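Sequence lines set the chain letters: A, B, ... in the order given, protein chains first and strands last, and positions in each chain run from 1. Small disclaimer: the values here were computed from a predicted structure and weren't measured.
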Amino acid sequence: MSNSVLVLTEHLQGVFTDATFEALGVARRLAGSLGGEVEAALAGPGALASELGAADTVLVVDHPALESFNPEANARVFSALVHDRQPAVVLVPYTSMGMDLASAVAAACGLPLVSYCTDISAGGGLAATCRLYAGKIEATVQVAGERAVFALLSGSGSAAAGRTGGAGRVVNVAPPDLSDINTQFERLIEPASGDVDITSQEVLVVVGRGIESKDNIAQAEALAQVLGGAVACSRPIVDQGWLPKTRQVGKSGLSVKPKVYLALGVSGAPEHLEGMRGASTIIAVNTDPKAPIFGVAHYGWVGDLFDLLPELMERLES
Amino acid sequence: MPVWFPLFGTVGQEPGRETFIGLGSGSKLAFYLLTLFAVLAFLAGFGFRLRKYLEGGRRAALSWRRIERAVVDLASQRTVGKRDPWVRLAHFFVFWGFLVLLAATTIIAIDEDVIGLALGRPDLRFWRGTFYVVYSLVVDVFSLGFIAGLIFLARHRRSRPLRLDYRRVDREAETSDRRGYSLDDRAFLVVLLFLGVSGLLLEGFRIAAFDSPGFEVASIAGWMVGSVTSQLGAAANETARLWTWWIHALSALGFIAMIPYSKAMHMVVDVAGLVLTDPDSARRLAVPETPVAGASLASLSLHELVHMDACTKCGHCHDVCPARASGAPLSPRDLILDLREWADASSGIEMWYGPGAEPRHLDEAELAGGVIAAETLWACTTCMACMEVCPVGIEHVPTIVGLRRRLVDLGEVEPGLQNAFQALARAGNSFGQPAKQRARWTKGASVEVKDARLEAVDWLWFVGDYASFDPRAQAVTQVVARLLDRAGADFGILFDGERNSGNDVRRAGEEGLFEMLREQNLAALASSSYRRIFTTDPHSLNTLRNEYGLADVSHYTQVLDLLIETDRLRLGRLEGAATYHDPCYLGRYAEEYEAPRRLIRATGLELIDMGRCRANSFCCGAGGGRIWMDDSGLRERPSENRIREAAALGEEVRYFVVACPKDLVMYTDAVKTTGFEDRLEVVDIAQLLERALQIEEATVG
């Protein structure tokens, strides 16, 4: 066993993730209290090693199978490294990739795994602070043995702390046999360039057929901006092509639970109600007093939204 | 050349003629050898196809009833051109013309080759005398009809109707090459026409070449041709006759050889296809057998493989399909043709115009989601319009359901459908509501609804999911309850014992979930006491009747019809005109077209049917699980298409009448999105009845 801290780095399309640098920063601190070195494990092209200056040693394992993320190959490579180097601490950034890796490596090497870590300390035995129940509880976890794998939540350290430092020693390590890997990297699918995420808004101004034309949506946009929210809509608006599908609330769209749901000219078909019933405060404006939206609204006003909008804007702006 | 139209039977000569006039023994030998070759090519072609069919995993049941029905279908041509009577008539002539001409040749072969040559009994030959005269007349009349029918069909084809548009709907036109199809169609028509016309010419030359006796006038068409060509002189006619004889004979033999490799194969395969077809196959889906994984012929059934070959690309299904009409990537025609091309290619069969299958299809590991795209399979509403209109008995819906079952096995399920499946498995309804909520509508019905599990009832009302849970449909369900109560009907429901009937779950390919729902419903029914069943939901009507094995299941419109007929509900009169949408599962599936129409008329409304009505009714787009799936991205929703059709009937039509809770949901939405909200009211038959009842009671009371 060594006193070193081994960081399992993560890169996507030739760029290290911030979470990797955060882990390196934490590793520096831990290595200080352990009196050991920081080692960075890099599964992929050695050319990337120069960016890992925060580590004293960069262990490069290069193989065609490692060019892009491959959970099976990575787990095997990292497990072999941990097995050979016997570090005291293995640090894994707890990203989507890290979730996959941390448990696999811990299991393969027979090490305890502490996940959801926000802080790790090494003075007086290994310990960590872990976030549980979606952040409702923080637990302090003491590791029984002398070695452990820690999965570090992103945002738990400073990425800048991991970016500093000189050039580390680069050691090329021969890869283990990867010929029987069953997983193959096919392609990277990039998510469509982001529209507003209406599910995370606190205030939604929602337009329905009552908005009458595409041009009128601008008025709703202005209101949403003043209220610090975003514009969403019911299905006919998407059908018309006035707003993208990402803005649609309802059964065939998204389910939302904002604090304020201001429905302008939305009649409230059951399929729409299904997607917004849980909003904290529902305010409905509709010309039809029998519109089903009034059945779920906390506040309602029967009238023309075009009478309301200018007045509302005026008062909000003043 | 005798004079025009002399009297029958010129004295002194018995009607009849020699078969191979003017042909030497060498020519005869050549003819027989070519015949042998053509017959061998014909048999080999169908032999390959038969081998392909036998790879099919399941065998269809044969029965005399099916054979009888197929014979009537063929003879009457009643399944052909259902939406186009002129095409049907033309095909009728071509069909019978071809059959008579084929019989004519067969008669000569029996007379000459079997009786004359093989048996060596020239004294028994019968192709002479009165028989010869009648034969000549019949053959000529039918061959004229044959030619006329072909000319009509060729002209029809030139008018480029939508059905014969081979452009694909599921991808860019440039990515598929279907010139082979058009070539095949045209070649088939041209060859048949050529055979018909050359036959007549041959007859004319023969009659003109010899000083033909008067009885030959029975060959009316040939006689007319001969009377024209006789002006060229006997010698020229004889030369022309010999040439035409060979040309006609060679093209006929060539045609026979090509039958199994061209569109002409439908003449043979369709007989088998019609015998193998089960008109109830979509109503009562077969229980899946042990699934055969991957893209294998064994994963299809024998009759499915036969039906693929039976397709003539007539495109009637393409025309009526609501998915195709809405811009979804499904055309029933292309689905069948894609499967056929794949099946042919995987058994090494080629059409004369080359390989049909796109190379990518042969690399696919699966039929479902591979050869046939998953989006294509999910697009089907199981409305059965394709099967209803198909002239050759292809069973598109069961094939699609079979492939959907595979998709479900593979876990490739449309997200909306996945949610519905989960809700159904957990709560027994697609709304994900607790079972206790199912009968909540009874609270607002202002009549008491019995629990059939606790007390005996006459009518057990299987309400159905949409009628129970959807707020719009609930209002109608309450109306139905009030009408029944008003008529003094003794009815009850299963309350939280009822589950989704599973009709659409099954048609979405989730057989296991369907079986679970059916078990639960049958258990609830077994614990109740009732005389007969009715349901609000036509989809449930189908599965309760055909897949639960329950006797005496009715639709609520049939119950209301009965109550009015027996004078238990007295109606006042409403003003205005209405149109009625036949739900797929009440119309095509249950074949009930009249009860709802009687009810509408009973309210005093004038009923104006849309162009697409009854068996040709259009679909709202909700069936087969579609109501749970995302329908954005369609060019025009089927429901919107339908509302526009109704609106086009004219301003006087105020009511768009429905008899299905899913229709109510789909059309109340569509009437809004198409902007006809102010002109057309989407209303359930029961709601109309209640209004008429209120008028009556107001006047009486």
Side-chain angles (χ1 to χ4, degrees), chain A residues 184 186 191-192 195 198-199 207-214 216 232-255 263-278 282 284 286-297, chain B residues 326-327 378 414-420 422-423 429-433 437 440-441 444 465-476 621-622 626-637 639-641 643 661-662 664-678 681-682:
Chain A
Q184 225 183 347
E186 277 286 334
D195 186 35
I198 58 169
T199 60
V207 295
R209 281 192 316 123
I211 198 76
E212 285 174 5
S213 77
K214 187 177 183 178
N216 293 337
C233 64
S234 62
R235 201 201 61 194
I237 304 301
V238 175
D239 278 0
Q240 293 289 332
W242 294 349
L243 281 172
K245 182 97 178 149
T246 46
R247 300 289 184 109
Q248 186 188 328
V249 174
K251 189 177 165 193
S252 55
L254 294 161
S255 282
L264 302 175
V266 177
S267 68
E271 290 78 13
H272 183 80
L273 302 186
E274 201 180 313
M276 46 70 75
R277 214 182 274 275
I282 300 170
N286 205 300
T287 49
D288 177 8
K290 285 190 283 187
I293 189 83
F294 290 121
V296 297
Chain B
S326 62
W378 293 130
E414 202 270 350
L417 191 60
Q418 183 67 50
N419 285 338
Q422 278 164 1
N429 65 75
S430 63
F431 292 79
Q433 300 270 338
Q437 300 282 337
R440 207 163 73 140
W441 62 266
D465 266 21
Y466 268 79
S468 298
F469 290 107
D470 185 275
R472 291 156 292 199
Q474 275 175 345
V476 175
R626 282 293 317 163
I627 199 163
W628 300 314
M629 299 183 223
D630 185 14
D631 67 350
S632 50
L634 294 179
R635 191 175 56 231
E636 182 190 32
R637 289 189 183 87
S639 53
E640 295 171 344
N641 178 302
I643 288 292
K662 292 192 183 80
L664 186 79
V665 169
M666 299 301 279
Y667 290 122
T668 40
D669 180 67
V671 80
K672 279 193 227 165
T673 53
T674 50
F676 287 109
E677 211 173 347
D678 301 330
E681 184 189 355
V682 176

Handout entry: Sub-4.5 Å side-chain heavy-atom contact between A/Pro270 and B/Arg472
Key =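 Result yes, sub-4.5 Å side-chain heavy-atom pair found.
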Handout entry: Test side chain to side chain donor-acceptor pair (under 3.5 Å) applied to B/Glu677 - qualifying residues, sequence neighbours left out
Key =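 For B/Glu677 the side chain to side chain donor-acceptor pair (under 3.5 Å) partners, ignoring immediate neighbours, are A/Arg209.
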Exercise for the section: Would you please name every residue forming a salt bridge (charged side-chain N to carboxylate O under 4.0 Å, His left out) with A/Lys245, sequence neighbours left out? Expected result: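 Per chain and number, A/Lys245 pairs via salt bridge (charged side-chain N to carboxylate O under 4.0 Å, His left out) with B/Asp630.
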Exercise for the section: Quick one: pull up CG in B/Asn419 and NZ in A/Lys251 and give me the separation to the nearest 0.5 Å. Expected result: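 Result: 9.0 Å between the selected atoms.
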Problem - Interface moiety of B/Asp669 toward chain A, non-hydrogen atoms closer than 4.5 Å - result: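 Interface part for B/Asp669: side chain.
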